[in-house]
Amino acid sequence: MKIERTKNASRNMFFGSILKIYQLLVPFVMRTAMIYFLGVQYLGLNSLFSSVLQVLNLAELGVGSAMVYSMYKPIADDDTDTICALMRLYKIYYRIIGLVVCVAGLILLPFIPYLIKGEVPPDINVYILYVLNLGATVLSYWLFAYKNSILQAHQRTDMISKVMLVTETVKYILQFVILAIFHNYYLFVIVLLLSQVLTNIFTAFVANRMYPQYQAKGKLPREEIQQINRRIRDLFTSKIGAVIVNSADTIVISAFLGLNVLAVYQNYFYVITAVIGMITIIFASVTAGIGNSIVVETKEKNFNDLRKFTFIIAWIAGICTSCFLCLFQPFMRLWVGKDLLLDYSIVICLGIYFFIYELNQLLNTYKDAAGIWHEDRFRPLVTALTNLTLNLISVQFIGLYGVVLSTVLSMLFVGMPWLLHNLFTTLFDKKYLVPYLKKLVRYVIVVFISCVITFPVCSLFHLPDILLIVVRLACCCIIPNIIFFLAYRNMEEFKLSVQLADKMTKEKIRLLKKIGA
């Protein structure tokens with residue numbers, strides 16, 4: 001079966017965008033409510049426990065990615081028996097993973113206070129709070145988690161988005177009521193646990209309705225299980241690397257600089273991750289389609305798709321980077337007050353981090369879709385250890401600035417070059433590497449010029465913060481787009497992207513008409 005890649009990608013992006021906008025606006029309200037009803041230290045605790053649980057999630061080992069990848073070919077071949085056997089194996093693995101996370105989390109329990117510098121809120125028992133967060137994580141594995149794989153492999157993440165819109169609404173309403181009326185952080189976390197249960201149950205129900213032919217039954221040949229286990233082993237170092245990069249900054253800031261500094265940093269990083277999440281919709285929507293394309297299309301066709309996607313991501317990320325540089329400080333003054341602002345040098349580092357991260361995320365999408373985990377198994381770990389080492393050294397000399405700068409340097413000079421090498425020696429022909437690098441350099445230069453022009457123009461305006469944000473946002477939407485159009489209008493990638501945008505727009509209009517009907 002050949003997946004309808006463009007149609008599914010359009011559908012996934014449409015509903016994924018609705019969900020992500022929802023998950024951007026409502027948690028923003030919740031975060032603000034937490035600051036005003038409970039205090040800034042609770043935000044620091046929230047971030048710390050999320051990072052600790054990310055470390056525990058190493059037990060997942062990349063099982064999900066390996067299983068979804070293993071389904072691409074059976075789906076293309078309409079091999080129902082193999083898909084069912086894969087689901088059974090996935091179910092067994094996730095039960096084991098949930099148990100490992102539970103045991104490891106309880107072993108870690110006595111050490112939790114040592115990850116916090118300074119005071120914690122007086123009404124909080126960090127042990128109870130940690131166990132509640134741990135429970136939500138463990139249940140996410142035990143309750144039908146393997147059902148997600150069917151929707152992901154068929155490029156139907158739009159259904160997951162619809163389920164989450166319902167369950168997230170219930171969660172946020174209950175959490176806001178708890179914050180406003182009871183001011184109780186324990187109940188706040190208990191609601192998080194219950195919403196995870198609802199999400200898993202409803203997603204499993206949808207998967208069963210859409211694909212009733214797929215049930216967790218049957219056995220795979222020993223050779224195929226061994227092949228999957230090899231993929232999981234290769235994904236382990238990748239998983240370790242991702243967790244260290246994502247969690248090290250938070251844990252280092254908490255341990256060396258305290259919960260208050262962590263909360264201020266997380267306010268900025270919350271905005272960054274919200275925008276990253278919006279763009280991730282694109283990657284999540286096309287990953288299964290890319291995997292299917294790699295199976296059924298030529299290397300040249302796949303490389304041309306990479307060029308096209310790189311151009312699109314560079315354009316989107318370039319505009320977002322200009323917005324971060326011009327809007328971060330007035331937005332933060334308006335949101336949390338001038339006392340919770342970071343130095344502008346950190347804002348610049350966060351903007352650079354964002355742009356590099358997005359390009360890196362595209363390359364990782366191709367790596368995952370193609371299953372290039374064995375060749376890439378050491379890169380994420382080396383990158384992450386470089387980041388952690390630089391973090392531990394620099395935080396003691398230049399504080400928070402050193403933590404952010406360490407992440408940028410490790411990604412730019414270790415992770416990304418290595419990942420490019422792995423892709424162009426495994427998936428694409430080596431002859432394409434130099435032309436691709438030239439395009440990347442061109443995109444970086446154009447984005448740099450765009451930021452250098454846009455920021456001084458935005459600095460000319462001296463208005464109240466609300467008006468200033470509106471005016472600067474307009475400048476960031478107009479000036480970079482004009483510069484990008486002038487720089488790229490004659491490129492083949494520009495023309496291909498316009499064609500793709502036109503095709504997907506027509507598909508979205510069709511969806512809207514269908515919903516309206």
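Atom set for the values below is all heavy atoms of this structure, side chains included, hydrogens, waters and symmetry mates excluded.
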**Intermediate values then yes/no, side-chain contact (heavy atoms from CB on, under 4.5 Å), I107 and V103** = CA-CA 6 Å; I107 291 173; V103 173; 4.0 Å; yes
**Request:** Could you list the residues that satisfy salt bridge (Lys or Arg N to Asp or Glu O under 4.0 Å) with K219, not counting sequence neighbours?
**Result:** none
**Request:** For E492, enumerate each residue passing the salt bridge (Lys or Arg N to Asp or Glu O under 4.0 Å) test, keeping only those at least two apart in sequence or located in another chain.
**Result:**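 E492 satisfies salt bridge (Lys or Arg N to Asp or Glu O under 4.0 Å) with R307 once adjacent residues are dropped.
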Quick check for you: to the nearest 0.5 Å, what is the distance between [X] atom [atom1] and [Y] atom [atom2]?
| X | Y | atom1 | atom2 | answer |
| --- | --- | --- | --- | --- |
| F494 | Q499 | CZ | CD | 11.0 Å |
| T425 | L420 | OG1 | CG | 10.5 Å |
| F309 | D305 | CZ | CG | 5.5 Å |
| S497 | W315 | OG | CH2 | 8.5 Å |
| F413 | T383 | CZ | OG1 | 13.0 Å |
| N360 | I313 | CG | CD1 | 12.5 Å |

With a 3.5 Å cut-off and sequence neighbours excluded, list the donor-acceptor pairs that the side chains of residues 390-406 form with protein atoms.
| residue | atom | partner | partner atom | Å |
| --- | --- | --- | --- | --- |
| N391 | ND2 | D249 | OD1 | 2.7 |
| S394 | OG | L390 | O | 2.6 |
| S394 | OG | G402 | O | 3.0 |
| S394 | OG | S406 | OG | 3.0 |
| Q396 | NE2 | L392 | O | 2.7 |
| S406 | OG | L390 | O | 3.3 |
| S406 | OG | G402 | O | 2.6 |

What are the two closest non-hydrogen atoms of [X] and [Y], and how far apart are they?
| X | Y | answer |
| --- | --- | --- |
| T82 | P74 | CG2-CG, 3.8 Å |
| S254 | L262 | CB-CD2, 3.9 Å |
| V138 | G98 | CG1-O, 3.8 Å |
| R379 | G415 | CD-O, 3.2 Å |

State, with a plain yes or no, whether a side-chain heavy atom of [X] is found less than 4.5 Å away from one of [Y].
| X | Y | result |
| --- | --- | --- |
| K439 | E493 | yes |
| F256 | V261 | no |
| I150 | I83 | yes |
| F448 | F355 | no |
| V264 | M332 | no |
| Y265 | L257 | no |
| V444 | L440 | no |
| V126 | Y130 | no |

For [X], all residues meeting side chain to side chain contact (heavy atoms under 4.5 Å, CB included), sequence neighbours excluded:
| X | result |
| --- | --- |
| E300 | T298, N304, Y432 |
| I316 | I279, I282, I312, C320 |
| Y344 | L325, Q329, V347, I348, F455 |
| I372 | K367, A370, E375, L423, T426, L427 |

**Request:** Apply ring-ring contact (aromatic ring centres under 6.0 Å, His included) to Y436 and list each qualifying residue two or more places apart in sequence or on a separate chain.
**Result:** F424
**Contacts of F354 that satisfy ring-ring contact (aromatic ring centres under 6.0 Å, His included) - sequence neighbours left out** = F324
Verify, without hydrogens or angle tests, whether [X] (side chain) and [Y] (backbone) share a donor-acceptor contact under 3.5 angstrom.
| X | Y | value |
| --- | --- | --- |
| T199 | S195 | yes |
| D429 | K431 | no |
| Y366 | L306 | yes |

**Prompt:** Passes side-chain contact (heavy atoms from CB on, under 4.5 Å), N387 versus V414? Steps please.
**Reply:** CA-CA 10 Å; N387 177 44; V414 181; over 6 Å; no
**Request:** Give a yes-or-no answer on whether the side chains of S410 and T386 include a donor-acceptor pair shorter than 3.5 Å.
**Result:**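 No pair is found: no donor N or O on one side chain lies under 3.5 Å from an acceptor on the other.
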**Prompt:** Relative to the ring of F428, is the ring of F303 parallel (under 30°), tilted (30 to 60°) or perpendicular (over 60°)?
**Reply:** perpendicular
**Request:** Any side-chain hydrogen bond (donor to acceptor under 3.5 Å, both in side chains) involving residues 441-450? Give me the pairs, sequence neighbours left out, ordered by first then second residue.
**Result:**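 Applying side-chain hydrogen bond (donor to acceptor under 3.5 Å, both in side chains) to every pair that reaches into residues 441-450, excluding sequence neighbours, yields nothing.
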**Request:** If a pair satisfies salt bridge (Lys or Arg N to Asp or Glu O under 4.0 Å) and one of its residues is in residues 85-106, list it, with sequence neighbours excluded.
**Result:**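 Not a single pair qualifies under salt bridge (Lys or Arg N to Asp or Glu O under 4.0 Å).
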**Asked** What salt bridge (Lys or Arg N to Asp or Glu O under 4.0 Å) pairs are there with at least one residue in residues 254-280, not counting sequence neighbours?
**Response**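 Passing the test, one end in residues 254-280: no pairs.
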**Message:** As a quick check of understanding, evaluate side-chain contact (heavy atoms from CB on, under 4.5 Å) for W418 and V382, giving each step before the final call.
**Reply:** CA-CA 10 Å; W418 198 341; V382 173; 3.7 Å; yes
**Request:** Any chance you could lay out the side-chain contact (heavy atoms from CB on, under 4.5 Å) test for N200 and L139, step after step, and finish with the verdict?
**Result:** CA-CA 9 Å; N200 281 37; L139 286 175; over 6 Å; no
